[in-house]
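Scroll down for the structure; my scribbles are underneath it.
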Amino acid sequence: MKELEIKTGRRTEDIKEGLLALERDNYILWDNKSDTRHIMIIEGWDRDQKIVTPPGSANRYYTEY
């Protein structure tokens, strides 16, 4: 938890609240809430995220970069 406080700049209460929200939304399992080491990630990406690739952009990557 201390590492998350340092990395995010948030208070422990805010981090726990966020983790509980992730658990309610079934992104993580956190049965033993005594430590963050017990968190299991179920889904590591945003469900509503839509990736739109413009036509020809995949080919452009190989020719321009």
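In this chain, residues are counted from 1 in sequence order.
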Output yes when Lys33 and Glu23 qualify as a salt bridge under the 4.0 Å nitrogen-oxygen rule, no when they do not.
yes
Heavy-atom pair of closest approach, residues Trp45 and Tyr27:
O-CE2, 3.2 Å
Taking all non-hydrogen atoms of both residues, which atom of Thr8 and which atom of Leu4 are closest, and how far apart?
OG1-O, 2.5 Å
Starting from Ile39, can I reach Leu20 by hopping between I/L/V/M/F/W/Y residues whose side chains sit under 4.5 Å apart?
yes
dist Leu22:CG -> Ile42:CD1 (nearest 0.5 Å) comes out at 10.0 Å
Note: Thr36 and Trp30 closest approach over all heavy atoms is CA-NE1, 4.3 Å
Minimum heavy-atom distance Ile41-Ile28, with the two atoms named:
CA-CG2, 4.2 Å
Between CE on residue Met1 and CD1 on residue Ile15, distance to nearest 0.5 Å:
6.0 Å
Roughly how far, to the nearest 0.5 Å, is CG of Leu29 from CE of Met40?
5.5 Å
Glu13 versus Glu17: any side-chain heavy-atom pair under 4.5 Å?
no
